[in-house]
Amino acid sequence: MILEFMRDDHRACDDFYAKAENALSAKEVDNAKEFFETFYRVTNHHFDMEERELFIAFEQRTGMTGGPTQMMRYEHQQLRSLLESMKSALNENRHNDFFGIGESMMIMLQQHNMKEEQMLYPMMDRALEDSAEGMIQKLREMAK
Amino acid sequence: MYNGLSFEQAPPISAVMRFFLTVPIFGIMLTLLVGFHPDEILIASHPLSLASIHVMFLGVITMAMFGALFQMQSVLGGCSIPNAAGNAFLIHLFLSIGTLSLGSAFLFVSPPLFVVAAVFLGSSILYTAKLILPLLFRGSSHDTLRGMKIALICLAIVVLLGIVMASEYANETFGSLHEAIRTIHYSFGLIGWIAVLIIAVAFQVVEMFYVTAPYSSWCKRYGLLIIAVSLGLKAFWTLLSLPFVWMFDALIGALLIGFIATTMKRLLNRKRRVSDVSIWFWFFGIGLLFVSLSAYTIYSLSGIELFQPMALVAFALFALSIILGMIGKIVPFLIWFHLNAAGYMDTPIMSNIITHTRAKLLFVLFVSTALFTLVGSLYHPFLSIGAIMGSAMFALLLYNIFTALALYAHTVRFGVRFDCDTEIR
């Protein structure tokens with residue numbers, strides 16, 4: 001349940017990045033900036049959903065505070081830093097840098113997503129089984 | 001159980017890179033064998049042919065796949081390989097010695113070298129399976145992990161049968177089951193180890209890295225399982241010399257065609273449209289798999305001998321295409337990742353580690369190698385040109401990996417590091 005909801009959100013974020021990349025390679029700079037801005041916003045929102053709600057609920061339920069959630073937070077920091085670098089590169093019209101940093105960001109982001117989808121979210125579904133629906137509702141409300 | 005979730009638990013760069021750096025060295029050896037003996041290389045069971053096949057599948061393909069497994073295990077498997085540096089050193093050393101021994105044993109028809117090869121390859125591959133399989137069976141499971149388990153189990157079977165055959169070569173006496181064992185050995189190697197691992201990884205990588213529609217869950221759940229069961233039944237049928245063994249090949253072939261069609265569709269409709277050499281390798285590799293299956297079908301239906309080596313060559317090139325695309329991404333990523341994680345401020349971006357120009361040149365050389373080698377499998381004089389192209393391609397691959405490592409070493413030695421206290425040293 002959490003797995004499906006969060007996995008769909010990963011894919012929605014990826015779609016915006018693909019659109020930004022496609023627009024920039026077609027020299028549609030304004031569109032690229034707009035799509036990247038959306039990608040930047042929804043990806044950070046995804047990290048916030050995890051850090052402010054999901055991870056805390058999981059840690060409270062399992063008592064695992066120094067485990068996988070801590071590692072995911074660390075990876076979020078690294079990804080946030082890459083997103084900032086890409087934003088600067090795009091705003092300063094350093095398009096080659098944008099694509100160059102984007103290559104690393106995409107591999108790192110997808111490795112991060114794989115770990116969450118294959119290990120962390122299934123663990124969360126098991127740990128939060130009775131309250132998973134309420135949690136998803138809470139996450140939906142965060143977007144409003 | 002959760003070690004794999006930590007970047008700090010990622011395998012050291014040396015654990016992965018030692019495998020990748022050895023790939024082009026064996027590749028160059030292979031092209032020398034092909035280039036100097038184009039007429040003998042495609043004769044089934046000729047010592048030169050057997051030497052080349054084993055250098056290709058062990059020294060190039062398995063070597064690269066072991067490197068990738070060391071990297072992927074922590075991401076896909078959820079826990080990193082214990083003492084990755086030490087284990088990679090031993091596995092790589094034994095695999096290299098074993099491959100060299102086996103190639104030499106065939107080339108020089110030397111019984112003692114078959115024993116040496118059996119000891120080193122057996123130790124290396126069975127130890128790898130023993131090291132990684134328990135990690136894959138621990139914790140959560142998913143489709144790619146199931147594929148990795150099947151692939152490693154098949155590889156262990158391949159090497160056990162290989163040891164049996166090596167002992168026959170060493171004693172120069174062949175049992176009544178030699179041909180059956182040989183058939184099972186290469187079926188499990190080509191399909192169970194190589195194709196299954198590539199398909200299992202494709203289920204993850206294609207969808208996530210190229211932003212495509214997901215593969216159907218039925219495909220992911222049952223496709224590889226049906227292949228594994230078909231291989232098992234084919235082995236049973238072959239050992240007992242039962243009729244209609246071709247039906248298992250047909251079933252596996254149909255599933256592989258399904259994989260080709262679904263992967264092509266996903267890649268063509270991918271949302272990331274940016275031109276990328278790795279996607280060209282995927283397209284070309286999938287095309288080569290189709291050529292391999294077509295050639296094998298023609299051989300099976302018509303019995304025209306020429307198409308059998310062509311099917312094998314196309315299959316090897318399919319695996320090589322996917323591997324080259326993967327190495328082209330993973331090498332610059334690992335250099336960037338390890339330098340960035342260590343806090344080097346002047347960490348180069350990926351496209352400055354292996355430039356786009358060199359990545360494209362590698363693809364052009366690979367396409368030339370593949371085309372000349374495939375035509376050469378029907379008309380032998382072209383094999384020599386394929387071998388020259390292949391030497392150039394592997395030399396460029398070696399240069400790309402070597403310069404990437406040199407850049408890493410230079411940055412580690414002279415780079416400016418940003419530490420936790422924001423002090424610059």
Side-chain angles (χ1 to χ4, degrees), chain A residues 3 7-8 10-26 64 66-75 77-79 81-82 85-86 89 94 96-123 125-126, chain B residues 1-10 71-72 74-79 138-145 201 203-214 270-276 278 328-330 332-337 339-341 343 347-356:
Chain A
L3 168 66
R7 186 178 56 199
D8 289 350
H10 281 162
R11 300 297 178 271
C13 295
D14 294 343
D15 277 5
F16 285 114
Y17 180 66
K19 283 178 182 162
E21 218 183 35
N22 294 347
L24 194 59
S25 63
M64 290 168 60
T69 46
Q70 200 53 31
M71 296 311 162
M72 292 297 105
R73 284 191 185 95
Y74 173 58
E75 293 190 7
Q77 283 312 314
Q78 292 193 308
L79 285 161
S81 154
L82 285 172
S85 303
M86 290 179 75
R94 290 183 286 113
N96 283 340
D97 284 354
F98 174 85
F99 283 118
I101 303 164
E103 231 177 333
S104 305
M105 185 281 297
M106 195 59 174
I107 297 179
M108 192 182 254
L109 181 65
Q110 295 308 332
Q111 287 198 358
H112 173 81
N113 291 351
M114 280 183 208
K115 293 171 193 172
E116 289 186 335
E117 290 173 22
Q118 287 153 12
M119 288 167 275
L120 191 56
Y121 296 154
M123 283 161 61
D125 270 324
R126 285 194 295 273
Chain B
M1 176 176 176
Y2 311 111
N3 285 347
L5 294 167
S6 164
F7 268 124
E8 288 149 15
Q9 295 295 325
Q71 175 61 25
M72 287 190 309
S74 62
V75 178
L76 292 169
C79 42
R138 207 188 293 172
S140 64
S141 186
H142 53 85
D143 304 312
T144 299
L145 272 190
V201 171
F203 285 158
Q204 277 299 323
V205 168
V206 168
E207 177 189 336
M208 296 184 85
F209 287 94
Y210 302 113
V211 190
T212 72
R270 72 194 187 279
K271 289 179 184 160
R272 278 186 91 188
R273 308 304 302 178
V274 174
S275 176
D276 181 333
S278 73
K329 279 279 180 204
I330 211 169
F333 175 74
L334 286 181
I335 302 285
W336 172 85
F337 169 79
L339 290 174
N340 189 56
T347 298
I349 58 174
M350 280 173 66
S351 51
N352 288 345
I353 296 170
I354 295 179
T355 62
H356 288 311

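What's counted below: heavy atoms across the whole structure, side chains too, no hydrogens, waters or symmetry copies.
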Participant: Under 4.5 Å heavy-atom distance to chain B, tell me which part of A/S25 shows up: side chain, backbone, both or neither.
Facilitator: side chain

Participant: Can you list everything that forms a side chain to side chain donor-acceptor pair (under 3.5 Å) with A/N113? Sequence neighbours excluded, please.
Facilitator: A/H10

Participant: Drop me the distance from B/K271's NZ to A/F16's CZ, to the nearest 0.5 angstrom.
Facilitator: 10.0 Å

Participant: Is it the backbone or the side chain of A/Q70 that comes under 4.5 Å from a heavy atom of chain B, or both, or neither?
Facilitator: neither

Participant: What's the spacing between A/Q110 CD and B/E207 CD if we round to 0.5 Å?
Facilitator: 9.0 Å

Participant: Using the side chain to side chain donor-acceptor pair (under 3.5 Å) criterion, which residues pair with B/R273? Sequence neighbours excluded.
Facilitator: none

Participant: Which pair of heavy atoms, one from A/G100 and one from B/S351, lies closest together, and at what distance?
Facilitator: CA-OG, 4.0 Å

Participant: To the nearest 0.5 Å, what is the distance between CD1 (A/I107) and CZ (B/F337)?
Facilitator: 11.5 Å

Participant: Keeping the roles fixed (side chain from A/D14, backbone from B/M208), state whether a donor-acceptor pair exists under 3.5 Å.
Facilitator: no

Participant: Can you tell if the side chain of A/E117 reaches within under 4.5 Å of the side chain of B/Q204, non-hydrogen atoms only?
Facilitator: no

Participant: Considering only heavy atoms from C-beta outward, does the side chain of A/E103 approach that of B/I349 to under 4.5 Å?
Facilitator: no

Participant: Under 4.5 Å between any side-chain heavy atoms of A/M106 and B/R272, yes or no?
Facilitator: yes

Participant: Do B/F333 and A/Q111 have side chains that approach each other closer than 4.5 Å (heavy atoms only, starting at C-beta)?
Facilitator: yes

Participant: If I measure from the heavy atoms of chain A, does B/V274 come under 4.5 Å with its side chain, its backbone, both, or neither?
Facilitator: both

Participant: Out of curiosity, A/N96 CG to B/H356 NE2, how far, rounded to the nearest 0.5 Å?
Facilitator: 7.5 Å

Participant: Quick check: do A/Q118 and B/L145 have side-chain heavy atoms less than 4.5 Å from each other?
Facilitator: no

